[in-house]
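Step one of this worksheet: look at the structure below.
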Amino acid sequence: MLWLGILLFALVTNAVQIPLLNLPDEWNLNTPPNPNSTGHLIFDTVSSLLQHWPNTSHTIVPGTLTLPLGANGSPIDPEFARLFCNHDDLGGPCWILTLVTTRPLRVLYFDGSSATKMPDGPMDTQDLLAWGAVLPKRATLSWEYRRLDRLCNMGDPLGFDAYVSEVMLCNFTDGVQITSLSSLEEEPLFPHHGYSFIQSSKWHDHYPGETRVQLDLAHLVSLYDMSLAPSLVGGRVGQERRAHRVLGIDQRDTDAVIARVRAMPSSPSGSGIDWRTQFQVIRDRYATRLELLQSTLNTTGDDFLMPYRLRSAVPPPAGWDTAWAGPVFRVCARAHTSSIESVTSTLTASERLLLASAQETTREICRTLIGMWAQGMLELRASATVPDSLALEWKSEIDRLVDWLGWGVWIKCRPACASDESCYLPGAPFSMGEWNGSVPRCLRLVEPYTGLEDWLL
Ligand SMILES: *[C@@H]1O[C@H](CO)[C@@H](O)[C@H](O)[C@H]1NC(C)=O
Ligand SMILES: *[C@@H]1O[C@H](CO)[C@@H](O)[C@H](O)[C@H]1NC(C)=O
Ligand SMILES: *[C@@H]1O[C@H](CO)[C@@H](O)[C@H](O)[C@H]1NC(C)=O
Ligand SMILES: *[C@@H]1O[C@H](CO)[C@@H](O)[C@H](O)[C@H]1NC(C)=O
Ligand SMILES: *[C@@H]1O[C@H](CO)[C@@H](O)[C@H](O)[C@H]1NC(C)=O
């Protein structure tokens with residue numbers, strides 16, 4: 001627990017009093033987040049944009065796409081594109097068209113596994129823009145071109161050149177140039193192409209994800225924004241995160257979302273804050289330490305909390321109230337956001353949403369950690385060890401926090417894969433039946449191939 005002591009000490013020394021933007025300036029360690037709140041969901045979806053593993057389709061972001069000379073178009077990696085020659089219904093020779101951009105393309109990006117034609121969520125946000133409604137029956141290949149036609153025509157006055165789930169270009173002669181058109185050898189999909197797809201998708205599994213697309217987060221639209229789409233709040237009550245849908249959105253909210261997309265400016269403008277880095281700093285700061293804390297609590301159970309003293313926050317001699325730790329909570333919760341809170345007048349509406357999501361997220365991390373620490377300090381007034389009952393309570397607190405945060409960085413192969421293996425999260429396109437699991441496994445990338453037996457048969 002030494003790290004917790006060092007962290008808290010560092011935080012307490014730089015307390016500043018600035019009012020909060022959206023959250024009450026109230027630091028009771030016993031007030032949990034509202035179960036309807038979505039700040040943590042926005043925080044995780046935004047820090048997961050352009051990465052392969054995280055999986056909800058709730059965010060729409062404008063951006064630019066630049067493919068340096070020599071890079072390849074459509075699925076951006078040719079290892080991925082090669083798969084599309086193997087559809088049973090296509091047959092015939094396999095052609096690969098390689099394009100480069102002649103200027104940065106203005107794109108609209110949809111998060112989640114949004115290139116996957118499935119009726120249970122990935123197409124929701126695209127449908128909403130294309131048809132003004134979520135239409136699960138249209139999650140098929142035959143609707144694909146009509147959906148894109150709608151998006152391109154709807155997007156026309158705004159000038160989006162392409163829509164990105166995979167890259168869907170509106171016009172093949174505007175802003176792009178053909179560098180090659182090659183007929184490829186006919187080869188079986190597996191093992192080679194399937195595995196090269198897995199390798200190429202792995203390059204984008206985690207942060208920073210696909211870097212050839214640059215997002216303008218200052219104009220992001222999130223369907224988790226409770227003021228933009230209040231009609232979705234009720235449908236999420238009691239639902240697991242993977243069940244969250246845009247299906248069920250009402251007309252008023254649909255119109256509001258479309259209006260926000262139509263109002264996206266043609267070039268980035270905003271406060272200039274690098275939100276992706278801001279969010280990543282928070283994730284880096286807590287991800288491995290929470291993971292460690294969770295496993296340490298699990299294995300040692302008790303007497304792990306080393307006593308330490310903060311100069312400014314001292315437990316009272318008697319009683320079990322934790323109010324004395326409130327100032328520590330306040331400083332911890334605001335460590336990453338207070339400098340942005342002082343420039344709120346320069347923020348766009350989307351940036352205010354991002355700030356609030358970082359505030360809510362760090363607030364709950366700090367509430368949990370400092371709640372544990374404060375209890376420990378009270379306990380240690382009389383005894384040198386922490387009782388088993390409290391250790392159990394802490395374990396469930398950390399489990400609850402980790403579950404609430406739900407960060408994709410914790411989805412890992414345990415133990416880690418060997419160097420001739422790749423950590424693979426079952427999902428589209430090879431393991432649709434297994435897609436409801438969040439447990440990845442190691443695949444051998446060289447003979448003897450293992451891990452995708454269904455496809456190899
Ligand atoms: C595609 O772009 C070219 C070049 O800007 C333009 O001449 C053409 O009209 C565009 N096609 C459509 C269908 O908009
Ligand atoms: C959560 O949202 C539901 C549906 O809008 C509402 O009925 C409920 O009162 C909300 N709960 C809280 C604690 O605000
Ligand atoms: C933590 O404990 C649970 C059951 O108490 C067990 O299933 C799990 O494997 C443990 N995890 C670690 C990392 O020890
Ligand atoms: C990922 O999204 C798909 C499509 O909505 C869904 O079927 C699947 O259960 C999700 N997987 C996880 C791990 O959430
Ligand atoms: C995933 O779906 C399969 C088949 O529908 C089911 O048997 C299995 O229990 C599900 N697993 C999880 C983790 O939900």
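Nothing fancy with the numbering, it's 1 onward along the sequence. In each ligand, atom 1 is the first atom listed, and ligand 1 is the first ligand listed. Here the structure is a predicted model, which means the values were calculated and not measured. Scope of the values below: all heavy atoms of this structure, side chains included, with no hydrogens, waters or symmetry mates.
With no hydrogens or angles considered, a side-chain donor-acceptor pair links D274 and T277 at under 3.5 Å. Between R245 and S57, the side chains place no donor N or O within less than 3.5 Å of an acceptor N or O (distance only, hydrogens not considered).
Remark: side-chain polar atoms of T64 are not paired, donor with acceptor, to backbone N or O of R106 under 3.5 angstrom. Here the side chain of R147 pairs a donor or acceptor atom with the backbone of R138 at under 3.5 angstrom.
Within the listing of ligand 2, atoms 4 (C) sit less than 4.0 angstrom from a heavy atom of G234. Taking every non-hydrogen atom of V233 and a distance limit under 4.0 Å, the qualifying atoms of ligand 2 come out as 2 (O).
Within a 4.0 Å radius of atom 9 (O) of ligand 1, the protein contributes no non-hydrogen atoms. There is no protein heavy atom closer than 4.0 angstrom to atom 13 (C) of ligand 1.
Atom 6 (C) of ligand 2 has its closest protein heavy atom at N36 ND2, 4.1 Å. Protein heavy atom at the shortest distance from atom 2 (O) of ligand 1 is N171 ND2, 2.3 Å.
Note on R103 versus D161: salt bridge recorded, some NZ/NE/NH1/NH2 to OD/OE distance being below 4.0 Å.
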